[in-house]
Amino acid sequence: MLFTVDAEGYSIEIGSLLDGSFDSLMIDNYSESKKIIVVDENTNEFCLDYLITNFDCLKEAEVIMIPAGEENKLLDICAQVWLTWDEYKITRSDVVVNLGGGMITDIGGFMASLYMRGIDFINIPTSLLSMVDASVGGKTGVDHGGIKNLIGVFSNPKAVFIDPLFLSTLPEGEFYSGFAEMLKHGLIVSPTHWYELSALNDVQQEINERHIYSSIVIKNEIVHQDPFEKDERKKLNFGHTIGHALESYFLEKDPISHGYAVILGVLCESFISFKRNYITMDEFSEIERVIVKHYQLIDLSSEDYTEIIRYMKSDKKNRNNKIFGVLLIGIGEAIINKEYTTNEITDAFDYLNRVYSELNN
Ligand SMILES: NC(=O)c1ccc[n+]([C@@H]2O[C@H](COP(=O)([O-])OP(=O)(O)OC[C@H]3O[C@@H](n4cnc5c(N)ncnc54)[C@H](O)[C@@H]3O)[C@@H](O)[C@H]2O)c1
């Protein structure tokens, strides 16, 4: 069965690539074009064969392989790839197919959007996180100076094709990284989605196309209301004020996945919401129960606290040394532009450490 979502100027298909419109899109629009497939080492190994074997239109495609990992989502890599595209004599009528996780859809979309002031690109996300989040919504970009997504452009793909088959080779930790963003979607706007996901036990086995579809519908609806993140879209940043700072901080030491950083941020920002009486004890306990069921927590030192807060203050979304974020006012309801004090963040980290000790001693 195929699910389809209409996004701003492009469509998102969820279901087997073989049943969908990928082939006809390529034949109708790009039969004379050069095709470039952007992969990383892992999607080169696990996903590329499937695509090339099943679609004749890609038999002659040039494959660009980028080293895997967030630490490679960099302008230097783009500069090297652009030189290769020069050698291939890529023109504006050619097309880039991004086959990978969020790192590849972010950097691949960014490279395509800037090259010759923009060539078409299509996303085929292969991680759960890129399926439900990164490949949808038009944000492309790279990290710079140690700051996540500092350089980027809003630019929509021509289409997104989501085939859950690719999830079969995704490592477990990466799977839960994507699940974190799905839980977040439920918490910010949809109690139904939250309760459906929170009832899953063996998430990897039980998750299905309909869950993925529901998450995409939520993200797409928010992006539709506010494509350039003036207000409503900021809700998607729930968990990210603290999450991004954790991700940036650990990137230099011992990288943690985007979704894992986000779920720790979700827990801390839910704690702040609870402490402000925005959500009840029962609501907070329910959030804690689900997160602790699926995720190992982390033990932070006071040195870590200082550095992570420093990252928050330098986040591009913040200003005047103040830290702003999104808080919950219920399960399925969020409120934007809330300032967090350093004390509140420190208390949330203390809480994280307390739960970590209780669970590990
Ligand atoms: N643009 C947006 O709106 C948006 C939203 C959320 C996250 N992001 C970005 O997405 C990135 C995180 O995405 P991610 O978690 O997918 O990271 P990722 O792309 O680094 O993928 C995680 C790991 O899984 C591997 N992988 C991917 N698909 C695989 C498969 N099918 N089989 C085996 N291995 C596979 C990758 O090679 C990588 O090692 C971050 O850069 C984040 O900033 C962007």
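Both counts, for ligands and for their atoms, begin at 1 and track the order of listing. When reading the values below, keep in mind they use all heavy atoms of this one structure, side chains included, and skip hydrogens, waters and symmetry mates.
The shortest contact between atom 14 (P) of ligand 1 and any protein heavy atom is with Gly102 N, 3.5 Å. Among all protein heavy atoms, the one lying closest to atom 33 (C) of ligand 1 is Thr169 O, 3.2 Å. Closest to atom 40 (C) of ligand 1, if we only count protein heavy atoms, is Glu70 OE1, 3.1 Å. Counting only heavy atoms of the protein, atom 15 (O) of ligand 1 lies nearest to Leu129 CB, 3.8 Å. The nearest protein atom to atom 39 (O) of ligand 1, hydrogens excluded, is given as Asn42 ND2, 3.1 Å; this is a heavy-atom distance. Atom 37 (O) of ligand 1 has Asp40 OD2, 2.6 Å as its closest protein atom, hydrogens excluded (heavy atom only). Looking only at protein heavy atoms, the nearest one to atom 23 (C) of ligand 1 is Glu174 CD, 3.5 Å. If you check which protein heavy atom lies closest to atom 6 (C) of ligand 1, you get Asp133 OD2, 3.4 Å.
Side-chain atoms of Tyr10 and Asn123 include no donor-acceptor pair closer than 3.5 Å. Ser301 and Asp304 are linked by a side-chain donor-acceptor pair at a separation below 3.5 angstrom, with hydrogens and angles left out of the test. A donor-acceptor contact closer than 3.5 angstrom links the side chains of Glu181 and His258. In this structure, a donor-acceptor pair under 3.5 Å is absent between the side chains of Tyr88 and Asp94. Under 3.5 Å, the side chains of Ser21 and Ser24 contain no donor-acceptor pair of N or O atoms.
Between Tyr305 and the choices Tyr311, Tyr249, Phe349, the ring-ring contact (aromatic ring centres under 6.0 Å, His included) rule is met once, by Phe349. Applying ring-ring contact (aromatic ring centres under 6.0 Å, His included) to His294 and the options Tyr260, Phe179, Phe175 leaves one that passes, Phe179.
At a heavy-atom cutoff of 4.0 Å, ligand 1 is contacted by no atom of Glu71, backbone or side chain. With a 4.0 Å cut-off on non-hydrogen atoms, Asn149 touches ligand 1 through its side chain and not its backbone. With a heavy-atom cut-off of 4.0 Å, Pro125 does not touch ligand 1 at all. Neither the backbone nor the side chain of Ser257 comes within contact range of ligand 1; no heavy atom lies under 4.0 Å. Looking at Met103 against ligand 1, both its backbone and its side chain come within 4.0 Å, counting heavy atoms. Of all the heavy atoms of Thr126, the ones lying under 4.0 Å from any atom of ligand 1 are found in both the backbone and the side chain.
Formation of a donor-acceptor pair under 3.5 Å by the Lys59 side chain with backbone atoms of Ile52 is found in this model.
Ion pairing of Lys73 with Asp106 is present here, as a side-chain N (NZ or NE/NH1/NH2) and a carboxylate O approach within less than 4.0 Å. Ion pairing between a basic and an acidic side chain is recognised when a charged N comes within 4.0 Å of a carboxylate O; Glu247 and Lys148 show such pairing.
By the 3.5 Å distance cut-off applied to N or O atoms, Glu247 is not counted among the residues near ligand 1.
The aromatic rings of Phe284 and Phe274 sit parallel, their planes meeting at an angle under 30°, below the 60° perpendicular limit. Under the 30°/60° scheme for interplanar angles, the aromatic rings of Tyr351 and Phe271 are found to lie parallel.
Contact annotation: Gly138 has no heavy atom less than 4.0 Å from any atom of ligand 1. Ligand 1 does not have Gly137 within reach: every non-hydrogen atom of the residue lies 4.0 Å or more from it. Residue His244 places no heavy atom under 4.0 Å from ligand 1.
For ligand 1 and Lys148, the ligand atoms under 4.0 Å from any heavy atom of the residue are 40 (C), 41 (O), 42 (C), 43 (O). Short contacts between ligand 1 and Phe46, defined as distances under 4.0 Å to a heavy atom of the residue, involve ligand atoms 33 (C). Listed by number with element, the atoms of ligand 1 under 4.0 angstrom from any heavy atom of Lys219 are 3 (O). Counting the atoms of ligand 1 from 1 in the order shown, those under 4.0 Å from a heavy atom of Gly101 are 16 (O), 19 (O). Here is the list of ligand 1 atoms found below 4.0 Å of a heavy atom in Lys73: 40 (C), 41 (O), 42 (C), 43 (O). For ligand 1 and Phe166, the ligand atoms under 4.0 Å from any heavy atom of the residue are 30 (C), 31 (N). Below 4.0 Å from some heavy atom of Lys139 lie the following atoms of ligand 1, by number and element: 1 (N), 3 (O).
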Derivation of the side chain to side chain contact (heavy atoms under 4.5 Å, CB included) call for Thr346 and Ile309: CA-CA 9 Å; Thr346 305; Ile309 291 170; 4.0 Å; yes
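For atom 44 (C) of ligand 1, the nearest non-hydrogen atom from the set Leu165, Asp106, Leu170 comes from Asp106.
Here the OG-CD1 distance, from Ser135 to Ile122, works out to 12.5 Å after rounding to the nearest 0.5 Å. Taking CD1 from Ile336 and CD1 from Ile188, the interatomic distance works out to 11.0 Å, rounded to the nearest 0.5 Å.
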